[in-house]
Participant: 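Quick one: this structure, given as structure tokens, is what I'll be asking you about.
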There are 2 protein chains.
Amino acid sequence: MPSAADAAPSFLYLPGSFAVGESLALEGDEARYLSRVVRARPGDRVTSSDGEGTLATLEVIESRPEVHVRVLAVEHVPEPPALRLLCGAPEGERGDWLVEKLAELGVTHLVPVETERVRWPAPLRLDRWERLTVAALRQSRSAWRLQLCEPLGLREAVAAAGPGERWLADPAGTPAHARALLADTPVAGAVGPSSGFSEPERNWLSEQGFVAVSLSASRLRTETAALALASRWASSRA
Amino acid sequence: MPSAADAAPSFLYLPGSFAVGESLALEGDEARYLSRVVRARPGDRVTSSDGEGTLATLEVIESRPEVHVRVLAVEHVPEPPALRLLCGAPEGERGDWLVEKLAELGVTHLVPVETERVRWPAPLRLDRWERLTVAALRQSRSAWRLQLCEPLGLREAVAAAGPGERWLADPAGTPAHARALLADTPVAGAVGPSSGFSEPERNWLSEQGFVAVSLSASRLRTETAALALASRWASSRA
């Protein structure tokens with residue numbers, strides 16, 4: 001849904017740190033993207049992100065056959081307050097687009113949680129998911145990339161979340177729209193797996209300060225609830 | 001994300017009207033679902049929706065080899081105020097899950113709009129999409145099913161929307177979270193295609209009363225913006 005961004009320069013993912021004035025030889029996806037997809041030419045400006053807060057303005061020196069760029073400027077974007085999603089396993093192959101969409105919507109951490117009723121398929125396709133977060137970072141032109149965590153038990157995942165607001169996606173909760181989200185407060189959200197959290201799990205989450213919020217009048221699949229919660233958060237930080 | 005609904009009876013999609021006391025012979029998906037998936041037995045209660053507001057409570061008379069049910073009760077759920085999404089074409093195969101997720105989130109009408117920059121691939125996979133809306137109706141246990149429209153030009157789509165609130169997904173808008181959605185007001189939302197609405201299209205939509213709302217601090221793909229807008233609406237009607 002680009003608008004003002006239509007004319008924005010190409011956006012690359014370049015991990016690692018580099019200094020103003022430094023020349024870089026690009027390889028792999030980013031080189032292919034510049035030379036073949038956007039057909040960049042010497043003198044073109046492009047932007048890169050390392051996914052950890054550093055945006056660089058680059059000038060293309062050579063675009064084919066080799067791709068060389070020079071660093072014109074480096075800017076650091078402060079880390080945003082955590083938007084951490086603790087998510088039970090959805091059905092089937094829905095994990096892929098769950099990752100893609102959470103990354104686009106600015107969720108900072110995805111923690112797959114193992115629950116009483118459903119476990120994530122092992123091993124997780126973390127390599128594939130990392131590639132999806134990179135593609136989403138390019139798409140959303142973000143300084144920060146979604147961090148994917150190894151699966152944790154529910155208690156470990158909550159312990160790792162640390163202080164902040166705690167939301168539980170639950171059709172019996174108060175409308176998510178009515179709940180304020182402070183701009184500078186970290187927040188953790190829990191979404192049950194395909195067959196839902198068990199009653200003991202829901203009670204325990206409530207004891208841990210997770211407040212039930214309703215995302216829709218109808219029942220949502222796990223990945224849809226996660227997306228709706230991420231959208232709710234994104235709209236407060238838009 | 002079921003919770004209280006865990007123990008809910010099976011939910012079927014049965015178009016057509018029927019009277020209390022009537023016996024029905026089920027076929028196809030619904031019969032297979034009852035006899036093989038949930039292995040319903042005589043005496044079991046199931047709920048059905050016709051996707052047009054009528055919910056029926058059914059008792060299983062025979063579940064295999066033939067599947068017969070009797071209508072115990074019929075209830076009509078009033079049509080909700082329209083949540084109509086005018087959506088430009090997303091990239092690739094993303095239309096499928098766009099339909100699935102909009103249906104889950106309670107959007108009432110999806111209108112694929114042809115835009116200056118992007119057209120929907122012809123022919124649309126409307127048969128496949130209708131099946132996805134049925135699956136989402138079962139999942140969300142809804143009385144009303146998402147209506148899929150034939151693609152329209154932007155002007156025709158806006159004309160067909162009729163009166164009500166008008167939202168435009170636009171990163172330059174005011175945060176969607178801050179915009180109130182009246183519970184009983186129909187609303188139409190416009191989301192640009194993969195490369196965005198053109199400047200003239202955006203200007204024309206503004207003249208037509210579409211108010212720009214921002215859904216995220218980052219750029220969203222078409223289908224993600226549509227989902228975020230639908231989630232925003234759903235949270236107000238949760």
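The chains referred to below are lettered A, B, ... by the order of the sequence lines, with proteins before strands, and numbering in each begins at 1. No experiment lies behind these values; they were computed from the predicted model shown.
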Participant: Is B/Trp120 reaching over with its side chain to a backbone N or O of B/Val113, donor-acceptor style, under 3.5 angstrom?
Facilitator: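 Checking the backbone N and O of B/Val113 against the side chain of B/Trp120, a donor-acceptor pair under 3.5 Å is found.
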
Participant: Measure A/Ser236 against the heavy atoms of chain B and call it side chain, backbone, both or neither at under 4.5 Å.
Facilitator: both

Participant: Got a salt bridge between B/Glu100 and A/Arg221, using NZ or NE/NH1/NH2 to carboxylate O under 4.0 Å?
Facilitator: yes

Participant: Applying ring-ring contact (aromatic ring centres under 6.0 Å, His included), which residue pairs with at least one partner in residues 76-108 of chain B are found, sequence neighbours left out?
Facilitator: A/Trp97-B/Trp97

Participant: Please classify the contact between B/Ser142 and chain A as side chain, backbone, both or neither, with a heavy-atom cut-off of under 4.5 Å.
Facilitator: side chain

Participant: Report yes or no: do B/Tyr33 and B/Arg138 form a side-chain donor-acceptor pair below 3.5 Å?
Facilitator: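 Result is no, nothing qualifies.
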
Participant: Identify whether the distance between the nearest side-chain nitrogen and carboxylate oxygen of B/Glu165 and B/Arg179 falls below 4.0 Å.
Facilitator: yes

Participant: Identify which part of A/Arg232 has an atom lying under 4.5 Å from any heavy atom of chain B, answering side chain, backbone, both or neither.
Facilitator: side chain

Participant: Judged by atom type as modelled, is there a donor-acceptor pair below 3.5 Å linking the side chain of A/Arg219 to the main-chain atoms of B/Gln139?
Facilitator: yes

Participant: Counting heavy-atom pairs under 4.5 Å with chain B, which one of A/Leu105, A/Leu181, A/Leu227, A/Thr174 comes out on top?
Facilitator: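 Of the options given, most contacts go to A/Leu105.
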
Participant: Treating B/Arg166 as the side-chain partner and B/Gly209 as the backbone partner, does any N or O pair qualify as donor plus acceptor under 3.5 Å?
Facilitator: no

Participant: Counting distance only, does the side-chain N/O of A/Ser214 pair as donor-acceptor with the main-chain N or O of A/Pro175 below 3.5 Å?
Facilitator: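 Judged by distance alone, no pair lies under 3.5 Å.
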
Participant: Relative to chain B, which segment of A/Glu223 carries a heavy atom at a distance below 4.5 Å: side chain, backbone, both, or neither?
Facilitator: side chain

Participant: Under 4.5 Å, heavy atom to heavy atom, which residues of residues 78-89 of chain B contact chain A?
Facilitator: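 Answer by number: none.
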
